Amino acid sequence: MNDRTFRAADAHRLEEPERLKWLPPDEIMARTGPVSGMTIADIGTGTGYFALPFANAVGRAGKVLAVDFQKEMLEILRRKLSASGAPQNLVIVEGEAARTTLPANSCDLVFMSNLWHELDDDAGVLREVKRLLRPGGRLAILDWRADLVFPPGPPVAHRVSLETLRQVLSVHGWTVTHAEHVGMYSYLIIAVLPVI
Ligand SMILES: C[S@@+](CC[C@H](N)C(=O)[O-])C[C@H]1O[C@@H](n2cnc3c(N)ncnc32)[C@H](O)[C@@H]1O
């Protein structure tokens with residue numbers, strides 16, 4: 001935890017119906033590429049705003065591993081999963097982004113929404129993502145635009161611009177295949193590692 005960590009006491013803000021208008025999960029998922037049958041790790045899942053739609057999108061042959069280090073967030077997601085009709089292919093994992101405890105080579109897509117600007121250990125997290133991804137797997141990072149200075153979202157000083165993130169990924173050996181503004185206040189970057 002640090003001063004940028006989104007507090008579980010504010011979890012209701014992740015669930016506001018308005019959010020579906022300015023950050024529609026379908027619009028974001030359409031850009032992460034086909035996911036049917038895949039295993040996706042949603043790191044920093046919070047209350048599962050993306051993990052639940054992803055679990056429906058991957059279908060019965062796929063799986064979503066919903067990772068967060070705040071028990072309270074995961075408890076909210078657990079309650080949602082107990083509702084009738086909730087997807088059965090979502091696994092809750094209490095873990096830290098740089099040490100998820102997930103098996104190596106287990107994921108086709110690692111997704112992070114509004115997590116990147118909260119991280120302390122970029123290099124450690126990218127190492128962990130590399131460990132988790134199967135050859136040809138993708139990393140998708142959604143975060144707040146730094147060029148829009150009004151709410152909603154974290155203080156501007158906490159935000160990481162799309163260009164800065166692109167550079168960080170490149171320094172760590174990732175190739176950015178996709179970078180664009182999405183929703184009303186966010187950007188999405190998709191990156192891959194060279195397949196050796
Ligand atoms: C702003 S919330 C976003 C939640 C969700 N991804 C969404 O878009 O609705 C960020 C989440 O990342 C989690 N988080 C922050 N740093 C983390 C870390 N180092 N490891 C695991 N989870 C982390 C927080 O607990 C919080 O639930």
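Along the sequence shown, the residues carry numbers beginning at 1. Quick note: numbers below take in every heavy atom, side chains included, and nothing from hydrogens, waters or symmetry partners. On a predicted model such as this, the values are computed, not experimentally measured, just so you know.
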Quiz prompt | Modelled atom types, side-chain donor and acceptor of Thr5 and Glu118, under 3.5 Å | solution = no
Quiz item: Which other residues end up in the same hydrophobic cluster as Val192, if Ile, Leu, Val, Met, Phe, Trp and Tyr are linked when side-chain heavy atoms come under 4.5 Å apart?
Solution: none
Quiz item: Where do Glu15 and Lys80 land on the salt bridge (Lys or Arg N to Asp or Glu O under 4.0 Å) test, with the steps shown first?
Solution: CA-CA 12 Å; Glu15 303 288 304; Lys80 287 187 187 175; 3.0 Å; yes
Quiz item: Is there a chain of hydrophobic side chains (I, L, V, M, F, W, Y, each step under 4.5 Å between heavy atoms) that links Ile28 to Leu20?
Solution: yes
Practice problem: State yes or no: do Leu81 and Val58 share one hydrophobic cluster built from I, L, V, M, F, W and Y residues joined by side-chain heavy-atom distances below 4.5 Å, directly or via other members? | Solution: yes
Quiz item: salt bridge (Lys or Arg N to Asp or Glu O under 4.0 Å): which pairs involve residues 31-53, sequence neighbours left out?
Solution: Arg31-Glu180
Practice problem: Begin with the C-alpha distance, continue with both residues' side-chain angles, and end with the deciding distance and a verdict on side-chain contact (heavy atoms from CB on, under 4.5 Å) for Leu65 and Cys107. | Solution: CA-CA 9 Å; Leu65 308 163; Cys107 299; 4.0 Å; yes
Quiz item: Taking C-beta and beyond as the side chain, do Val35 and Leu109 meet within less than 4.5 Å on heavy atoms?
Solution: yes
Quiz item: Are the side chain of Thr100 and the backbone N or O of Ala97 linked by a donor-acceptor pair below 3.5 Å?
Solution: no
Self-check item: Side-chain heavy-atom pair Glu72, Glu75 within 4.5 angstrom cut-off
Solution: no
Exercise. Please collect all side chain to side chain donor-acceptor pair (under 3.5 Å) contacts where either partner lies in residues 140-149, sequence neighbours excluded, each pair once.
Key: His117-Asp143, Arg145-Asp147, Arg145-His181
Quiz item: Once you round to the nearest 0.5 Å, how far does CD of Glu96 lie from CD1 of Ile43?
Solution: 9.5 Å
Quiz item: Asn56: what forms a side-chain contact (heavy atoms from CB on, under 4.5 Å) with it, not counting sequence neighbours?
Solution: Pro87
Exercise. Output, in order, the C-alpha distance, side-chain angles, deciding distance and verdict of side-chain contact (heavy atoms from CB on, under 4.5 Å) for Arg134 and Thr39.
Key: CA-CA 10 Å; Arg134 295 179 177 136; Thr39 297; 4.2 Å; yes
Exercise. Taking the side chain as every heavy atom from C-beta outward, state whether Ser161 and Tyr187 have any pair of such atoms under 4.5 Å apart.
Key: no
Quiz item: Do the non-hydrogen side-chain atoms of Val168 and Trp174 ever get within less than 4.5 Å of each other?
Solution: no
Quiz item: Would you say Leu139 and Ile190 make side-chain contact, with heavy atoms under 4.5 Å?
Solution: no
Practice problem: Would you name the heavy atoms of Gly173 and Pro194 that are closest together and state the gap between them? | Solution: O-CD, 3.5 Å
Quiz item: Where the side chain of Lys71 meets the backbone of Glu94, is there a donor-acceptor pair that is under 3.5 Å apart?
Solution: no
Quiz prompt | From Thr45 atom OG1 to Ile76 atom CD1, the distance as rounded to the nearest 0.5 Å | solution = 11.5 Å
Quiz item: About how many Å separate CG of Leu23 and CG of Asn114, when rounded to the nearest 0.5 Å?
Solution: 6.5 Å
Self-check item: Other cluster members, Phe69 - Ile/Leu/Val/Met/Phe/Trp/Tyr, side-chain contacts below 4.5 Å
Solution: Met1
Quiz item: Which pair of non-hydrogen atoms, one from Arg166 and one from Ile189, has the smallest distance, and what is that distance?
Solution: N-CD1, 4.0 Å
Exercise. To the nearest 0.5 angstrom, please state how far the OG1 atom of Thr47 sits from the CZ atom of Arg78.
Key: 13.5 Å
Quiz item: Ignoring hydrogens and geometry, is there a side-chain-to-backbone donor-acceptor pair from Ser186 to Gly183 under 3.5 Å?
Solution: no
Quiz item: Any salt bridge between Arg19 and Glu16, counting N to O under 4.0 Å?
Solution: no
Quiz item: Any side-chain heavy atom of Arg4 within less than 4.5 Å of one from Pro154?
Solution: no
Quiz item: Under a single-linkage definition using a 4.5 Å side-chain heavy-atom cutoff for Ile, Leu, Val, Met, Phe, Trp and Tyr, are Leu169 and Leu142 assigned to the same hydrophobic cluster?
Solution: no
Quiz item: With a 4.5 Å heavy-atom cut-off, do Ile141 and Phe111 have their side chains touching?
Solution: no
Quiz prompt | Beyond-backbone contact of Ile40 with Phe50, side-chain heavy atoms, under 4.5 angstrom | solution = no
Quiz item: Given the rule that I, L, V, M, F, W and Y join up when any side-chain heavy atoms are under 4.5 Å apart, are Met112 and Leu77 in one cluster?
Solution: no
Quiz item: Taking all atoms of both residues into account, what is the closest heavy-atom pair of Arg131 and Pro103, and its distance?
Solution: NH1-C, 3.8 Å
Quiz prompt | Thr175 OG1 to Leu193 CG distance, which is reported to the nearest 0.5 Å | solution = 7.5 Å
Quiz item: Under a single-linkage definition using a 4.5 Å side-chain heavy-atom cutoff for Ile, Leu, Val, Met, Phe, Trp and Tyr, are Val93 and Leu115 assigned to the same hydrophobic cluster?
Solution: yes
Quiz item: Where is the tightest heavy-atom contact between Met29 and Ala57, given as atom of each residue plus distance?
Solution: CE-CB, 4.4 Å
Exercise. Could you tell me which non-hydrogen atom of Met73 sits nearest to which non-hydrogen atom of Leu14, and how far apart they are?
Key: CE-CD1, 4.0 Å
Exercise. Supply the atom-to-atom distance Leu148 CG to Met184 CE, rounded to the nearest 0.5 angstrom.
Key: 9.5 Å
Practice problem: Using a strict cut-off of less than 4.0 Å between a Lys/Arg side-chain nitrogen and an Asp/Glu carboxylate oxygen, indicate whether Glu18 and Arg13 qualify as a salt bridge. | Solution: no
Quiz item: Which residues satisfy the side-chain contact (heavy atoms from CB on, under 4.5 Å) test with Pro135, sequence neighbours excluded?
Solution: Asn105, Val195
Quiz prompt | Check: Leu74 main-chain N/O paired with Asp68 side-chain donor or acceptor under 3.5 Å | solution = no
Self-check item: Nearest heavy-atom neighbours spanning His172 and Ala123
Solution: CE1-CB, 3.5 Å
